[in-house]
Structures are given as C-alpha cells and as structure tokens.
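Since the structure comes first, as structure tokens, the remarks are kept for the end.
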Amino acid sequence: MFEAEQKIIESAILDYCTDKDLPIVETKWAWIPFNGQWGISTSFFQLAARSFGQTRGNVPQRANEIALEVAGRLSGIEGFEKIEAVNGYLNVYFFTADYSRRVIRQVLEESEKYGHGQRLNQRLMVEFSHPNTHKAFHVGHLRSAFLGDVVARILDAAGYDVIRANYPGDIGLHVIKWLWNYLKFHKGEKPDKDITRWMGAIYAEAVKRLDQEPAYEEEIREIYARWDRRDPEVVQCWEETRQWSLDGFNEMYNLLDIRFDRYYFNSMFEKPGKEIVSELLEKGIAEDEGESGGAVIVKIDEKLELEEEKYRVMVVLRSDGTALYATEDLALARQKFLDYPDLVKSYYVVDVRQSLHFQQVFKTLELLGYEWAPRCQHLPYELVNLPGNVVMASREGTVVLLEDLIREATARALAVVKEKNRELAEENQLEIAKAVGIGAIKFPMLSRESNKVVTFDWESALDFNGQAAPYIQYAYVRANSILRKAQNVIPAELAADYELTKQEITLIDLIARMPEEIQKAARDLKTLIITNQAYELARAFNDFYTQCPVLGVEEPQRSTRIRLVAAARQAIANSLAILGITAPQAM
RNA sequence: GCCCCAGUGGCUCAAUGGAUAGAGCGAGGCACUCCUAACGCCUAGACUGGGGGUUCGAUUCCCUCCUGGGGCACCA
C-alpha cells in the first residue's frame, strides 16, 4: 500500500550508497514493532557487514552510523512525519491522519474486494477432498476439504483463476464389499436421511461379516468378477448407490460452504491409465516382469541414474494386469492438462503419507516427456488423529463422524445464542448457531501449519473461547452493531484532524497489511497466515471497541471512527470469507 | 537400512535470518449503572530437545545425536 513512499526512501538510500562508494544491498522493509506510531523500517546490518569487505569490524556500530547518515539526508524530504535512526534501523513514520484516511478510503471503495490482488489471468487447479463413496465421511477427511477449499479461496483472492477439482474414490475393493453386502442382505433398501452415515454403516457391516465368516471372500471375488465384465445388475446397483453417496457428500459440502467446479472419478481412469502404462513400456521406461510373475514397474532412480535411492520403484500395473491407484493417477494428471492446457499449477491436497507416491507419479510423467509434469505439485498435510495417537479409520471403527461433530457443535452454539439473544426469532438463532458451530470446526484445522498433526478431542473441538472462529465472528458482530445504531450511514471523509489513539493506529495498521498478507498466503500456500491476520484484526478491533467510544463522541472523531468501524468490519468480513467462515449478523 | 516431518511456558500453537521469542487455554487476581461479558485488564510461567557450526546477528540455515510420528514393489 505504500510502494510510492518506499521507492522514495529506497532511491535515497541508493544515492547514499553511490556517493559513499558502498555496495548495493536490496532494501527490505518491515513493519516497525508497535510503539504508538505508525511506519515502516529497514536495517543496515547487511550493508554494514558488506562495507567492511574482508576486514572485520563492529557491524552494529557501523550500521547505526549508516542509519544516522541516511536519516540525516532524508530529513529534508517531505511527506513523512518523522524519520529516525535506532540501533542500526531506519524507521520511517507516516503522517497518521493522512495515511489512515487513505487506508479507510481504499477499504470502503473496494469493499468485498479489499485485500484482493489484480487478476493475473493465470489458471491453476486445486484438487482436494477426494472422498470414498460407499464409506462414511469422518473428521479425518475434513482436513483436505478445508485446506483445499481455503487454499483455493486464497489463490483466487490473490488473483488466480482457480479450478476446484474433486476426485472421489468411487470404485475399488471397498465398493465391491459394499455392493456384496447390499445385494446379499439389504437389497431394495434406500436411505431416507443421514445418507452418508447409512452408507458407512453398510460398509462397516460388510467388513464385520467378512471378518467373522472368511468363506464370504469367495462371494466378494464373484462380485468383483461380475463388475469386471460389466454385469448389468452390478453396474446398475453401483451407479445408483454411488449417486446416494454423492448426494450425501453434496449435502455436507453445502453445509460446509465448499463447492467444486469439476469432478474426476476414480472409475474413469482405469482404461486411460493402462494406455499410459503401454506407452511407458513402448518407450522402455517401464519394465514388464510378468514372465517371472511380477508386475509392471518403473525403476525411476535407475532411469534417472541416481546414486542414492530417492524415487525408488513404482508399480504401475499389478501382476494380474489390473490397474491400481498409481495407474489411475498417471491418467488423472494427464487428463487435467488435456482439459486445461494452460494450467500454471496443478495442486493435489492429499495427506503426507502419499508424498513418495506423488513424487513417483510426477517424475514418471516427466520421464515420459510431458512438459507439464513439473507443474504438478503435492500439497501434503498431516493427519487428524484421536488421543493416544489413534488413526481415524473407518474399518477400525475409530472415527468421529462429521455429522455428529456438526450436530454437537451447532447444538452447543445454539444454547449460547438462545441465552444471549432471547428475543431473536428461532430461525435466526439457528442460522447463527450454524455459522458459529461450523466456523469453530474449521478454524483449528486452518490455523496451524499443515505439517502438524491435529489431535481431535471433543473438548477442544467444541471450545469456542480464545483463539477460535467465534472470537473473530464476535468482533464482526460488534462492529456491525455499532454501524446499525448509526443507521448504517457511513459519513463522508472529513478533512479535519484529531489525534488518533494507539488502538486506532494499530487497527488501521493491521487493515493496511491485508493485501500483503493475502499475497504471502498465496505464495506460501498457507491458510494459517490468513487465520493469524483475521485473529489479530479481531483482537485489535476488540481493543478499539473497549477503549474508543464511537457514537457518543464529538465530531470529527465520531465520523472518522464510524468510517474506521466500517473499514474494520469490511476487513474482518473479507478475512472470514477467505477462510470460508460465515460472518453472522448478530451473536 | 534409507527417506520425509515434528520437537518453543503445565497444555495447544505463532514468530519474511533481525529490535525485549508472541498469543490462547489452564492457574492466581481485577473488572458488568458506559455502542452485547462469546469482551477487557493485571500477575506468574521459556537456557526455543542436546551438542557443534555458518553469520555482525539463528526459533529460523548447515552437520550430528536424542525423542516422537510417517513412508519405502503390486493398499489407497
């Protein structure tokens, strides 16, 4: 937001270096640690160190000398309130009244687009969620869904055109087991409500029956064979029940405010995958060990002539000639670029256990000569475990179902809403409870580094206090309430000045940083940068709220503060929107 | 055996190689005639896993060790 000001100082530093015959060092800007005033800073340690060349010297002292000299030169420049040299740093302070007006004006003008970057006209794809049909949807599956959704939102906000892709696992042994159990014991049954739970129960029952009666394995193989030769009854049953799962997922995606532009189904890639395997064999990249009873494999390290093992060996076709996950992933990657040849990036939001697998897939495609292969990138994330390092697995029964979590979180939120807003219509109370409950579920998974394991426990998942979504939503609601009492009229900008309090400066400062934070989040693909920003913003607003009365003060403070509240509300709303968290109108 | 990730107050997490390592929860104390207390204020609590190294400067980069988690040929 302050590029022009930065350039002025940068060129002054450049002039100084030229005059003094000092090496040229890139000027890096940072925000001044808060001290009641508002500005940016840069340091001269690097320049000082370089100025000594080979000889040793006192760097901090030299840096401070440089800072003092530069500050001296800049003293004549207009447009800054104060320029000072401290401990080797050059601190440049803005005229707070001018800059705060500029920031607030910009937020109010750009409204829901504030903080967003220029459109880049670059397309990329984010594949995420990829749930298995015919299975339950549990809390462990949420991380990919939330992470992928918010990464897509961040990239969109940063200026990219994002395609949101889903890749459901709609076929495989788990589906066959399900079909077997259904055809044998539940034929004709249909789920009426809680579709996903019901689908999961049929699967769990199938697994249990098989454990108890191993002889059923034969019947499973029979179903698999019928599926392979596209037996009409099996195919029709598969199609119908698959749709039930997809309907159930859509219900949940709607509830969670997650949408997709494009569905790729696992079942679509068996054939194309085998075609790629043929291509690999033709080009001598893959080896068929079928004669010795083996599979079709790619010895990636050997092909790359690597000394140490890195990509190891990838099986691309089973020894019985059937496709496996890797086979299909090769075809899927290609299909994405056939559909969208201009993708600058193809992201896969998949858990960390598949890191090697994706490295293998992408490297194999590179060996095949696909120029887009390096544009594929795996975005790994760590698992959601249960206390005691128990992995969530539907076949182990160690799961927390998403439906249960949402139900419980919403119920708790509703209890609080009813307590706080007795006069509100029940319909509105439910709406708020949903926003708060679901926001509370999303936030913890977005606010930590994706390479950190999340341990799910009911107590902390349902704790709405502290660093959590409700805190941010509450700040939004407070701002909203003030504006409502001001009849939702945003006063025009006033020329008159008044001394800003430190709460106001901090708040404006954080609002001003938003565009940079969004770009940073997009560059690093980190949702946590946005949750941090949103939380800081909310905290700064709460601080302002308790310290700075708005409606009861005289002009020009009153108008200026109303404008600031409107800008803060907008900034918080935009942060929440990027996080896919609903901002309720009341709480 | 090889590879990847994590290790920061009691607990859960932050911190573009830079100024005094920040929050939340929990603990103790304070605070409700004032735009909603799902709020705020104060206090205590950290040799950033150990040891080396690079650097003017390391939680951050490199090496090594320890602990925990994960991955390594036909599961997905």
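Not measured: the values here are computed from a predicted model. Excluded from the calculations below are hydrogen atoms, water molecules and symmetry mates; all remaining heavy atoms, backbone and side chain alike, are included.
With RNA chain B read from its 5' end, the first of the two nearest nucleotides for A/Asn389 and A/Val313 is the one closest to A/Asn389. Take the nearest nucleotide of RNA chain B for A/Val417 and for A/Cys548: the residue whose nucleotide is more 5' is A/Cys548.
Shortest non-hydrogen contact noted between A/Arg318 and A/Leu324 is N-CD2, 3.8 Å.
Shown here is A/Glu423, whose CD atom has more than 12 heavy atoms of other residues, nucleotides or ligands within 6.0 Å.
Between A/Glu449 and A/Lys526 a salt bridge is recorded (basic side-chain N to carboxylate O distance below 4.0 Å). Ion pair A/Arg62/A/Glu65 flagged as a salt bridge, since at least one NZ, NE, NH1 or NH2 atom sits closer than 4.0 Å to an Asp/Glu carboxylate oxygen. Electrostatic pairing of A/Arg539 and A/Glu536 counts as a salt bridge here, judged by a charged N lying under 4.0 Å from a carboxylate O. Salt bridge A/Lys520/A/Glu516: absent, no basic N to carboxylate O contact under 4.0 Å.
Closest to the side chain of A/Arg353, from the set B/G71, B/U16, B/A73, is B/G71. The nucleotide whose nearest atom lies closest to any side-chain atom of A/Glu289 is, among B/A73, B/A37, B/C41, B/A73. In this structure, of B/C74, B/C56, B/C39, it is B/C39 that holds the atom nearest to the side chain of A/Tyr471. Taking only side-chain atoms of A/Leu324, from C-beta outward, the nucleotide of B/C74, B/G71, B/U16 with the closest atom is B/C74. Of the candidate nucleotides B/C56, B/A19, B/G1, B/C56 has the atom nearest to the side chain of A/Ala49. The side chain of A/Leu356 lies closest to B/C72 when the candidates are B/C74, B/C56, B/C72.
The one candidate from A/Val315, A/Ile276, A/Leu317, A/Val361 that meets the side chain to side chain contact (heavy atoms under 4.5 Å, CB included) condition with A/Thr327 is A/Leu317. Applying the salt bridge (charged side-chain N to carboxylate O under 4.0 Å, His left out) test between A/Lys299 and each of A/Glu305, A/Glu287, A/Glu309 identifies A/Glu287 as the sole match.
Between B/G7 and B/U48, the two C1' atoms lie 10 Å apart (nearest whole Å). Using P as the reference atom, B/G22 and B/C63 are 29 Å apart when rounded to the nearest Å. On the C1' atoms, B/G9 is 13 Å away from B/A27, given to the nearest whole Å. Distance noted for atom P between B/G49 and B/A15: 15 Å (whole Å). B/C47 sits 16 Å from B/U12 when the P atoms are compared, rounded to a whole Å. B/G40 and B/A23 have their P atoms separated by 13 Å, given to the nearest Å. When the C1' atom is compared between B/U54 and B/G17, the two are found 12 Å apart, to the nearest whole Å. One P atom belongs to B/U59, the other to B/G50, and the distance between them is 11 Å to the nearest Å.
In terms of phosphate contacts, A/Arg448 brings a side-chain nitrogen or oxygen within less than 4.0 Å of OP1 or OP2 of B/C13.
Below the 3.5 angstrom threshold, one finds a donor paired with an acceptor across the side chain of A/Arg312 and the base of B/C2. Contact of A/Ser481 with B/C35 (side chain to base): no donor-acceptor pair of N or O atoms is detected under 3.5 Å. A donor-acceptor contact under 3.5 Å is formed by the side chain of A/Ser41 with the base of B/A19.
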Can you tabulate the close N/O pairs, meaning under 3.5 Å, that link protein atoms to atoms of nucleotides 4-9 of chain B?
residue	atom	partner	partner atom	Å
B/C5	O3'	A/Asn451	ND2	3.3
B/C5	O2'	A/Asn451	O	3.4
B/A6	OP1	A/Asn451	ND2	3.1
B/G7	OP1	A/Lys452	NZ	3.3

Please produce a list of atom pairs where a protein N or O lies less than 3.5 Å from an N or O of nucleotides 21-24 of chain B.
residue	atom	partner	partner atom	Å
B/A23	O2'	A/Gln467	NE2	2.7
B/A23	O2'	A/Tyr535	OH	3.2
B/A23	N3	A/Gln467	NE2	3.4
B/G24	O2'	A/Gln467	N	3.1

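As rounded to whole Å, 15 Å separates atom P of B/G71 from atom OH of A/Tyr325. Atom NE2 in A/His141 sits about 15 Å away from atom P in B/A76, given to the nearest Å. Atom-to-atom, CD of A/Glu287 to C1' of B/C74 comes out at 15 Å; the value is rounded to the nearest Å. Rounded to whole Å, the distance from CH2 on A/Trp29 to P on B/G17 is 19 Å. Atom CD in A/Gln360 sits roughly 11 Å away from atom P in B/C74 (whole-Å rounding). In this structure, CG of A/Leu383 is placed 18 Å from P of B/A76, rounded to the nearest angstrom. When rounded to the nearest whole Å, the span between CD of A/Gln354 and P of B/A76 equals 10 Å. In this entry the distance linking CG of A/Asp288 with P of B/C74 reads 17 Å, nearest Å.
Among the heavy atoms of the strands, none lies under 4.0 Å from A/Val565. Counting non-hydrogen atoms under 4.0 angstrom, A/Thr322 reaches nothing in the nucleic acid. Looking at heavy-atom distances under 4.0 Å, A/Val316 makes no contact with the nucleic acid at all. Contacts of A/Glu449 with the nucleic acid, taken as non-hydrogen atoms under 4.0 Å apart, involve only primed sugar atoms and P, OP1 or OP2. Within the nucleic acid shown, A/Gly294 comes within 4.0 Å of at least one base atom, counting heavy atoms only.
Side chain of A/Ser447 to backbone of A/Leu528: no donor-acceptor contact under 3.5 angstrom is found. Within the 3.5 Å criterion, the main-chain N or O of A/Leu424 finds no donor-acceptor partner in the side chain of A/Asn421.
For the pair A/Tyr535 and A/Leu537, the minimum side-chain heavy-atom distance is 4.5 Å or more. The shortest side-chain heavy-atom distance between A/Glu127 and A/Val349 does not fall under the 4.5 Å cut-off. The closest side-chain heavy-atom distance from A/Val175 to A/Trp227 is not below 4.5 Å.
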As a check on the pairing definition, encode RNA chain B in dot-bracket form, counting Watson-Crick and G-U wobble pairs whose two distances are under 3.5 Å, and using | for partners outside this strand. (((((((..((((....[...)))).((((.........)))).....(((((..]....))))))))))))....

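Note on ring orientation: taking the six-membered ring where Trp is involved, the planes of A/Trp178 and A/His134 are perpendicular (angle over 60°, cut-offs 30° and 60°).
Distance CD1/A/Ile530 to CD1/A/Ile518: 5.0 Å, rounded to 0.5 Å.
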